[in-house]
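Here is the structure we will look at, set down as structure tokens.
Both counts, for ligands and for their atoms, begin at 1 and track the order of listing.
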Amino acid sequence: MAELRPPIESGAPDPMPYMHPVMVKNYGKWAFHSHPKPGVLYHRAESGDEIWTVKAGTQRQMDHYTIRELADIADQYGDGFVRFTARSNIEYMVADGSKVEPLIKALNDKGYPIGGTANSVSMIAHTQGWLHCDIPGTDASGVVKALMDELYDDFVKCEMPNRVKLSTSCCEINCGGQADIAIIVQHTKPPKINHDLVANVCERPSVVARCPVAAIRPALVNGKPSLEVDEKKCICCGACFPPCPPMQINDPEHSKIAIWVGGKNSNARSKPTFHKLVASGLPNNAPRWPEVAEVVKKILATYKEDGKPWERMIDWIDRIGWPAFFEKTGLPFTKYHIDNWRGGRANLNASAHIRF
Ligand code: SF4
Ligand code: SF4
């Protein structure tokens, strides 16, 4: 028999050793699940075993005091097993229903809200922002904290037509995701090039190959190898900035925030969809981003009032139509919302070849 591959440090670890024993025992043999109250899920296995999951919101960026506090709660009030969800919530699993309420109280007493299940607004999936990444045009953790403070009630109550997933993205190109409401940086001016640094810092062929519309060309500036940008072609995406920091695109005034709605990855009830731009040019106004919060709350309030039970955001918009979406939310419709660009096949830089 071939030898087993030795474990490596990268990649997803085997989850079984960390899983609650009831979940390991009944893996793949669950009879049904239900949702007794916001933030609590109940699963019963074919064997008759039961397990309750309590979901609490966290601030995601945590110091070790917070992690120890959450772990102590798991030991004292839970069964000692937790997991973090993709949206930075923490879930406690308990095999005894009588532990649920004391666990909820212990979490609430420490300031952790219980919710984010079923037809609530889930925690915002967020990117690294100023804390960890080298290219963000805005913060992500800060936007999330500011916004979730405003959406607290929508997290702890299940009053939306269906689940609402939000995401942030602090650049236009990388790890922000599809969501019912996505908050994304929007650059509005082409990069300014610091020519003195390009030759020392950048691999020019990689930068040229990065541009999706082939707007960058190698150039000699003041006798030094540098780059130039055809500003008529540039779509201000910011893709040239990560491999070449002298292509400065982040700007306190011209880097704005845009809001996109109607994206989803789920294929339940309707197929996955791409989100679409509904608000642009919002100020990147740290530390509370009030203009962004106002638009998000306006969209959520309209969806809550007008959506039918179990309609996801895009199902609601598909039913009423985009003109009605703009009328009901009161968001201005401008020429920038018209998606009529058909040049992708001819213009998009789909190869790694360098163009001169
Ligand atoms: S979205 Fe962009 S800027 Fe933000 S963390 Fe991801 S790669 Fe960095
Ligand atoms: S990569 Fe994006 S921002 Fe940079 S020049 Fe090309 S289109 Fe403009």
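- With hydrogens and angles left out, the side-chain atoms of His126 and Arg60 include a donor and acceptor closer than 3.5 Å.
- Among all protein heavy atoms, the one lying closest to atom 2 (Fe) of ligand 1 is Cys171 SG, 2.2 Å.
- In terms of protein heavy-atom proximity, atom 6 (Fe) of ligand 2 is closest to Cys211 SG, 2.3 Å.
- Under a 4.0 angstrom heavy-atom cut-off, Ala140 registers as lying outside contact with ligand 1.
- Not one N, O or S atom of Cys133 sits under 2.8 Å from atom 4 (Fe) of ligand 1.
- Residue Gln128 approaches ligand 1 through these ligand atoms, each under 4.0 Å from one of its heavy atoms: 5 (S).
- Closest protein heavy atom to atom 4 (Fe) of ligand 1: Cys170 SG, 2.2 Å.
- The sulfur atoms (SG) of Cys244 and Cys202 lie less than 2.5 Å from each other.
- Taking 4.5 Å as the limit, every side-chain heavy atom of Phe241 sits out of range of all side-chain heavy atoms of Pro191.
- Taking a 4.0 Å cut-off on heavy atoms, Pro190 fails to register as neighbouring ligand 2.
- In terms of protein heavy atoms, atom 3 (S) of ligand 2 is closest to Gly238 N, 3.2 Å.
- The shortest contact between atom 7 (S) of ligand 1 and any protein heavy atom is with Asn174 CB, 3.1 Å.
- Proximity of Pro212 to ligand 2 is established by a heavy-atom distance of less than 4.0 Å.
- A side-chain donor from one of Asp79 and His20 sits under 3.5 Å from a side-chain acceptor of the other.
- Within the 4.5 Å cutoff, the side chain of Ile193 has heavy atoms near those of the Val229 side chain.
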